[in-house]
Amino acid sequence: MNEIELRFQVPATARRAVETGVATATAQRTRLQAIYFDTPDRRLAKAGIALRLRKEGRQWVQTLKAGDPHAMQRFEHNVVRPRLKAGVHAESLQPDLALHEGTEGGALLARALRAERDEPSAALGALFRTDILRCHRPVRTPEGSVELAFDVGFIIAGARRMPVCELEIELLRGSPSAVTSVASRWVARHGVWLEVRSKAERGERLPQDPANPPAPLHKASALQLTRSDGLDAAFRAVVANGLAHALPNASEIASGIYTEQHLHQLRVALRRLRTALRFFEGWTGLIQPAWSATLAATFAQLGAIRDRDALAATVVPDLRDAGAPWFELPPLEAAEDPVAVVRAAALTQTWLELLALGPHEPVPTPRSDARAFHACAAERLGTWLHQVRSDARRFEGLDDPARHRLRRRVKRLRYAAEFLAPLHAPKSVAQFMKGLAPVQDSLGHLNDVNVALTLYRSVVEQTPAAWFAVGRLSARREALMNESAVALKAFRRVKPFW
């Protein structure tokens with residue numbers, strides 16, 4: 001009852017090649033017409049559940065999907081509805097919830113629809129539909145068999161339509177690595193990029209405003225580690241948590257419809273993943289050296305745009321309110337296009353390799369391995385804490401590059417501490433994080449001011465009015481230097497929780 005699949009968007013330039021690659025002599029073509037159901041207040045969508053009726057050829061199939069919609073593996077339960085004839089009018093169709101009783105997904109469905117004491121019960125209704133022409137065929141690999149499916153069609157809500165052109169690769173039998181290995185070849189050949197948003201998730205937005213569909217913001221979720229986890233198990237869990245943060249935001253950006261907050265959250269997720277690779281370095285053989293380089297390059301490529309967005313939201317309003325004679329941000333040097341950066345084949349290949357770390361069959365962890373992880377983690381956190389405190393003691397004497405390095409070290413320490421937080425007393429963790437937060441905030445603001453100062457100083461000769469901005473930012477910089485020094489001094493007294 002678990003499906004394991006990956007979905008990819010197909011660029012217009014590769015559409016014919018992808019279709020030709022799938023449509024071999026063994027391929028079949030099937031028209032798939034589906035109706036998706038939810039309550040008026042979207043209870044199923046909020047619970048990560050998709051419920052649909054789909055006509056496959058001449059029969060109707062009712063499908064319930066549950067779990068993280070952005071994960072490679074989800075619960076799926078399919079039931080043929082033999083009493084629904086192929087010619088039945090779609091508007092008269094209703095799902096039969098009893099068909100999913102006794103399953104894991106059925107329990108989640110019942111919980112999502114159960115009315116709270118003060119809430120009215122909500123009836124399911126058709127929300128949107130899809131009309132897809134699928135070309136599909138099986139592929140055998142040494143790791144197992146998968147199905148390639150090239151989908152072309154529309155997601156439809158009334159008169160509103162969203163085009164679909166994507167490639168799905170689903171495991172039929174064997175190891176999940178069969179999916180990622182086949183996907184890797186299609187990425188290399190055709191430049192397809194990972195799409196973790198399901199048709200249900202994209203369709204759920206369509207009835208609201210097709211010109212500007214609300215794109216949900218995906219932030220980091222709580223990490224679930226246990227004291228019995230060893231090095232490899234902990235690393236897999238941390239990476240999975242980082243991917244759950246990164247991939248939904250990356251898909252929003254790759255779609256071309258996103259906000260600066262999606263860009264910010266993706267960069268945060270990239271930094272968390274890079275921290276994980278640094279934190280577990282030397283302890284596990286699962287890490288590939290190329291991952292860090294690709295993630296770092298992507299982070300840097302997205303940096304200039306993110307910095308400009310941050311300055312536009314903070315520095316420019318402050319200058320305007322202060323009556324600056326000129327406050328526009330100087331133009332950036334040639335900046336990367338975030339959409340192209342996120343669609344890049346090198347990044348997609350890295351996502352696939354990280355996804356290949358799971359799902360996997362859990363292996364009992366010897367107690368010695370779990371103890372080794374705890375000891376190594378405490379030692380590395382202690383080393384990183386010592387680096388931060390060492391820089392904190394001589395903060396006033398550091399130059400700007402060294403202060404920037406300190407900021408990176410503080411962020412790295414914070415993310416690593418979050419990784420281990422589930423293994424320690426919540427109160428001790430909270431006290432440590434409370435002491436670290438002002439340091440990160442003040443150093444972050446100081447970094448923004450330094451970036452802005454560099455920009456405005458670069459144009460004072462051509463635009464003398466920019467001197468006002470330089471003067472105001474210089475004063476702000478001195479205040480933030482003092483604020484950071486105070487926060488760092490206080491943090492030196494905070495007790496570690498490990």
Side-chain angles (χ1 to χ4, degrees), residues 6-9 11 68-72 187 191-198 201-202 205 212-223 237-279 290-314 332 335-355 357 407-408 410-412 414-416 418-419 440 444 447-448 451:
L6 291 173
R7 184 182 306 103
F8 299 85
Q9 291 288 350
D68 184 355
H70 310 119
M72 183 176 171
V187 171
V192 298
W193 64 88
L194 193 61
E195 170 65 274
V196 299
R197 304 171 306 163
S198 65
E201 184 177 357
R202 285 173 280 162
R205 304 180 200 172
N212 186 26
L217 190 63
H218 299 274
K219 297 184 178 182
S221 59
L223 176 64
V238 170
V239 168
N241 182 262
L243 290 174
H245 185 190
L247 294 180
N249 291 297
S251 284
E252 299 294 350
I253 296 170
S255 75
I257 303 175
Y258 64 97
T259 69
E260 64 273 9
Q261 284 302 310
H262 290 104
L263 194 60
H264 171 63
Q265 287 298 324
L266 176 57
R267 292 186 81 239
V268 171
L270 289 169
R271 194 185 287 275
R272 293 178 71 237
L273 284 167
R274 292 170 62 199
T275 297
L277 297 178
R278 280 287 294 274
F279 190 71
W291 294 344
S292 290
T294 301
L295 297 179
T298 303
F299 183 86
Q301 288 171 320
L302 298 174
I305 298 296
R306 169 57 191 162
D307 285 345
R308 189 173 182 83
D309 288 340
L311 298 182
T314 56
L332 285 174
E336 301 282 353
D337 174 15
V339 175
V341 169
V342 174
R343 291 180 180 183
L347 180 61
T348 302
Q349 293 285 10
T350 299
W351 294 143
L352 292 177
E353 291 168 11
L354 291 170
L355 283 166
L357 295 173
R407 174 174 171 263
R408 295 198 307 268
V410 167
K411 286 192 172 187
R412 186 177 65 184
R414 173 199 163 183
Y415 297 139
E418 288 176 348
F419 297 159
Q440 182 175 336
N447 179 73
D448 288 344
V451 171

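All figures in this text were calculated on a predicted structure; none of them were measured in a lab.
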Any donor-acceptor pair under 3.5 Å linking the side chain of Arg343 with the backbone of Ala254? yes

Shortest non-hydrogen contact from Ile305 to Glu336? CG1-O, 3.7 Å

Specify the closest pair of heavy atoms between Val339 and Gly256, including all atoms of both residues, with the distance to one decimal. CG2-CA, 3.9 Å

Please examine the side chains of Trp193 and Pro11, heavy atoms only from C-beta on, and report whether any two atoms are closer than 4.5 Å. yes

Backbone N or O of Thr259 within a donor-acceptor pair of the His262 side chain at under 3.5 Å? yes

Quick check for you: to the nearest 0.5 Å, what is the distance between Arg308 atom CZ and Glu260 atom CD? 13.0 Å

Measure from NZ or CZ of Arg271 to the centre of the six-membered ring of Tyr415 and say whether it is under 6.0 Å with the direction within 45° of the ring axis. no

Closest contact, heavy atoms only, Val239 versus Leu273: O-CD2, 3.9 Å

Do Val342 and Asn249 have side chains that get closer than 4.5 Å, going by heavy atoms? no

From Arg274 CZ over to Arg408 CZ, what is the distance, rounded to the nearest 0.5 angstrom? 8.5 Å

Kindly state each residue pair satisfying salt bridge (charged side-chain N to carboxylate O under 4.0 Å, His left out) with at least one member in residues 240-256, sequence neighbours excluded. Arg197-Glu252, Arg205-Glu252

To the nearest 0.5 Å, what is the distance between CG on Leu243 and NE2 on His70? 12.5 Å

For Leu277 versus Ser292, what's the shortest heavy-atom pair and its separation? CD1-OG, 3.4 Å

Evaluation steps, side chain to side chain donor-acceptor pair (under 3.5 Å), between Ser221 and Asn241: CA-CA 7 Å; Ser221 59; Asn241 182 262; 3.3 Å; yes

Would you say Asp307's side chain and Val451's backbone share a donor-acceptor pair under 3.5 angstrom? no

Walk me through whether Leu247 and Leu355 qualify under side-chain contact (heavy atoms from CB on, under 4.5 Å). CA-CA 10 Å; Leu247 294 180; Leu355 283 166; 4.1 Å; yes

Evaluate side-chain contact (heavy atoms from CB on, under 4.5 Å) for Trp351 paired with Thr294, printing each intermediate quantity in order. CA-CA 10 Å; Trp351 294 143; Thr294 301; over 6 Å; no

Once rounded to the nearest 0.5 Å, what's the spacing between atom OG1 of Thr348 and atom CD of Gln9? 11.5 Å

Report yes if some heavy atom in the side chain of Val196 is under 4.5 Å from a heavy atom in the side chain of Leu6; otherwise report no. no

Of the non-hydrogen atoms in Gly242 and Ala269, which two are nearest, and what is the gap between them? O-CB, 4.2 Å

For Arg202 and Ser198, indicate whether the former's side chain and the latter's backbone hold a donor-acceptor pair under 3.5 Å. yes

How many angstroms lie between atom CG of Asn447 and atom CZ of Arg407, to the nearest 0.5 angstrom? 4.0 Å

If you measure from OH on Tyr258 to CG on Leu217, what distance do you get to the nearest 0.5 Å? 14.0 Å

Thr275 vs Phe419, side-chain contact (heavy atoms from CB on, under 4.5 Å): CA-CA, chis, key distance, verdict: CA-CA 10 Å; Thr275 297; Phe419 297 159; 4.0 Å; yes

Please determine, by modelled atom types, if Gln265 and His245 share a side-chain donor-acceptor pair under 3.5 angstrom. yes

Over all heavy atoms of both residues, which pair between Leu266 and Ile253 is shortest? Give the atoms and the distance, please. CD2-CD1, 3.7 Å

